[in-house]
K.L.:
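Encoded as structure tokens, here's the structure I'll be asking about.
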Amino acid sequence: MKKIGYFEGLRGLAALVVVNEHLLKLFFALAFSDAAMRAASFGLFEEASFPPFNMLHNGAWAVCVFFVLSGYVLSHSFFRATNMGQGEIAGKVVGRYLRLAIPVTASLLIVWALMGLGAFHFAEVAPMTQSHEVNQYITQPTILDIFAQGFGSALFMDNLRYNPPLWTMSVEMIGSIGIFVLQAIFLSFRNSKNAFVIRMVIYVAMIAVIFPTLYTGFVLGMMLCDLKNYEKANMNLEKYAKYWVPVSIVIGLILCAYMIRGLYTNPYRFITIKEFHPYYEYLYNTWGAFFLVAGVSYSKSISTALSAPIFRALGKISFPLYLTHYTVMSSLTAYLYLNLPFDDHASKAVCSVALSIPFMFVIAYLF
């Protein structure tokens with residue numbers, strides 16, 4: 001399928017947010033601590049942890065955007081095809097599995113090789129920076145362990161050992177299968193004159209059932225794709241875009257910036273439902289991602305900007321960047337931090353990050 005340029009650009013920016021989050025968590029952990037844990041006078045990084053600045057490093061909203069985009073993109077060919085059958089959908093499941101399993105396993109092989117070379121310095125840096133990130137590089141895995149994780153447990157059992165960003169892979173795999181199952185169901189009444197209405201009812205029912213989970217994003221993405229490809233709905237959405245798109249984007253940004261830090265002193269306490277649980281942050285971010293993606297898809301100016309070559313290039317390497325950046329950070333970036341000739345923490349951290357980020361992009365491009 002031909003890539004949707006503005007979605008590629010949005011995915012690329014979201015990947016940068018995830019990279020930024022992990023770098024800050026290793027070198028400036030205070031950016032993720034609650035207000036009650038801080039001194040009376042906040043510094044730059046402490047202030048940056050609150051909205052709207054947390055949009056730059058809140059990886060939660062970024063991965064929620066990934067899930068909504070997956071729901072949309074995986075459904076695009078289905079709603080545009082006129083003769084798709086059950087066999088083709090089954091083939092999509094296999095293709096999606098390999099599309100995730102092969103690069104995930106390759107990223108783990110890089111970890112395995114670097115551990116064998118003793119290239120990880122995460123355990124030395126984390127105590128120095130007071131980072132709360134967990135050291136994933138204690139025991140050298142076997143090749144069998146790597147393939148079992150890459151082709152199995154990372155995709156179906158939430159196994160993130162050796163590469164923390166892999167926590168999203170089981171959500172991505174299971175959510176993708178769910179999208180294909182819905183497509184198979186939709187085929188059974190595709191020629192019905194009320195097919196669109198029935199699909200909308202199913203979306204609402206599915207969202208009600210899986211609401212407390214991250215899989216909601218996939219259904220929302222699929223529903224948006226359905227609306228975009230259904231002529232009457234799309235015509236009305238385009239007709240009134242100048243009214244609802246700005247509202248959708250503002251709501252999206254507000255919900256994407258939703259956070260738990262300082263909950264009882266920041267404005268989000270007014271929209272927090274019931275007693276708060278950290279996992280619920282993703283629910284607000286999921287709906288924020290939906291409104292943001294919806295607004296972007298119908299905003300000519302924003303979609304044009306995100307389709308620029310630089311953003312599309314970033315989107316092209318977003319998945320490999322997501323899979324490999326933590327490995328580079330825990331090896332090269334940590335090594336530079338330990339060996340750069342500076343005395344103060346800030347200089348060492350900023351310079352080590354600045355020197356290693358280009359390398360992250362090169363690795364992602366080659367990957």
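The figures here come from the full heavy-atom set of this structure, side chains too, leaving out hydrogens, waters and symmetry mates.
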K.L.:
Using 0.5 Å steps for rounding, measure from the CZ atom of F78 to the CD1 atom of I89.
P.N.:
5.5 Å
K.L.:
So, the side chain of N159 versus the backbone of Q149: is there a donor-acceptor pair under 3.5 Å, distance only?
P.N.:
no
K.L.:
Would you indicate whether K316, at its atom NZ, is surrounded by more than 12 heavy atoms from other residues, nucleotides or ligands within a distance under 6.0 Å?
P.N.:
no
K.L.:
Are S75 and K228 side-chain neighbours, meaning at least one heavy-atom pair lies under 4.5 Å?
P.N.:
no
K.L.:
Checking the side chain of S347 only, and the main-chain atoms of D344 only, is there a donor and an acceptor separated by less than 3.5 Å?
P.N.:
no
K.L.:
Would you mind telling me which of I357, V125, V353, L355 makes a side chain to side chain contact (heavy atoms under 4.5 Å, CB included) with T333?
P.N.:
V353
K.L.:
Quick one: does any side-chain atom of W244 pair with a main-chain N or O of L237 as donor and acceptor, under 3.5 Å?
P.N.:
yes
K.L.:
Rounded to the nearest 0.5 Å, what separation is found between the OG1 atom of T216 and the CZ atom of F218?
P.N.:
10.5 Å
K.L.:
Using 30° and 60° as the class boundaries, would you call the ring planes of Y137 and F122 parallel, tilted or perpendicular?
P.N.:
perpendicular
K.L.:
Let me know which of K348, H345, E124 forms a side-chain hydrogen bond (donor to acceptor under 3.5 Å, both in side chains) with Y337.
P.N.:
H345
K.L.:
Output, in order, the C-alpha distance, side-chain angles, deciding distance and verdict of side chain to side chain contact (heavy atoms under 4.5 Å, CB included) for K25 and H132.
P.N.:
CA-CA 7 Å; K25 279 187 172 179; H132 300 295; over 6 Å; no
K.L.:
Looking only at side-chain N and O atoms, does S318 offer a donor or acceptor that is under 3.5 Å from a partner on R11?
P.N.:
no
K.L.:
Do L321 and L16 have side chains that get closer than 4.5 Å, going by heavy atoms?
P.N.:
yes
K.L.:
Would one find more than 12 heavy atoms of other residues, nucleotides or ligands at under 6.0 Å from atom CZ of R80?
P.N.:
no
K.L.:
Are the side chain of S307 and the backbone of Y6 linked by a donor-acceptor contact shorter than 3.5 Å?
P.N.:
yes
K.L.:
Sub-3.5 Å donor-acceptor pair from the side chain of Q183 to the main-chain atoms of L74, do we have one?
P.N.:
yes
K.L.:
Please confirm whether Y282 and W167 have ring centers closer than 6.0 angstrom.
P.N.:
yes
K.L.:
Once the angle between the rings of H76 and Y72 is folded into 0 to 90°, is it parallel (under 30°), tilted (30 to 60°) or perpendicular (over 60°)?
P.N.:
parallel
K.L.:
Is it true that atom CZ of F359 has more than 12 heavy atoms of other residues, nucleotides or ligands lying nearer than 6.0 Å?
P.N.:
no
K.L.:
In Å and rounded to the nearest 0.5 Å, what is the NE2 to CZ distance from H22 to F27?
P.N.:
13.0 Å
K.L.:
Taking the side chain from N194 and the backbone from V197, do they hold a donor-acceptor pair closer than 3.5 Å?
P.N.:
no
K.L.:
About how many Å separate CE of M223 and CZ of R199, when rounded to the nearest 0.5 Å?
P.N.:
12.5 Å
K.L.:
Can you say whether the rings of W287 and F290 are parallel (under 30°), tilted (30 to 60°) or perpendicular (over 60°)?
P.N.:
perpendicular
K.L.:
Give a yes or no on this: more than 12 heavy atoms of other residues, nucleotides or ligands lie within 6.0 Å of atom CZ of F156.
P.N.:
yes
K.L.:
With a 3.5 Å distance limit and no angle check, can you tell me whether Q140 reaches the backbone of W112 through a side-chain donor-acceptor pair?
P.N.:
yes
K.L.:
Contact between L155 and L166 at the side-chain level, heavy atoms closer than 4.5 Å - yes or no?
P.N.:
no
K.L.:
Got a sec: does the CD1 of I310 have more than 12 other heavy atoms crowding it under 6.0 Å?
P.N.:
no
K.L.:
First locate atom OG1 of T327, then atom CG of L108, and finally report the distance between them rounded to the nearest 0.5 Å.
P.N.:
8.0 Å
K.L.:
Is a donor on one side and an acceptor on the other found under 3.5 Å between the side chain of Y322 and the backbone of P165?
P.N.:
yes
K.L.:
Rounded to the nearest 0.5 Å, what separation is found between the CD1 atom of I302 and the CG atom of L292?
P.N.:
8.0 Å
K.L.:
Hey, is the main chain of A257 close enough, under 3.5 Å, to the side chain of N54 for a donor-acceptor pair?
P.N.:
yes
K.L.:
Determine, using ring centers only, whether F186 and Y203 are less than 6.0 Å apart.
P.N.:
yes
K.L.:
Does a sphere of radius 6.0 Å around CG in N191 hold more than 12 heavy atoms from other residues, nucleotides or ligands, not counting ones at 6.0 Å or beyond?
P.N.:
no
K.L.:
Take atom CD of Q130 as the centre, draw a 6.0 Å sphere, and report whether it contains more than 12 heavy atoms from other residues, nucleotides or ligands.
P.N.:
no
K.L.:
Give the table of side-chain donor-acceptor pairs shorter than 3.5 Å for residues 360-367, with sequence neighbours excluded, one pair per line with atom names and distance.
P.N.:
none

K.L.:
Do T129 side-chain atoms and L26 backbone N/O form a donor-acceptor pair below 3.5 Å?
P.N.:
yes
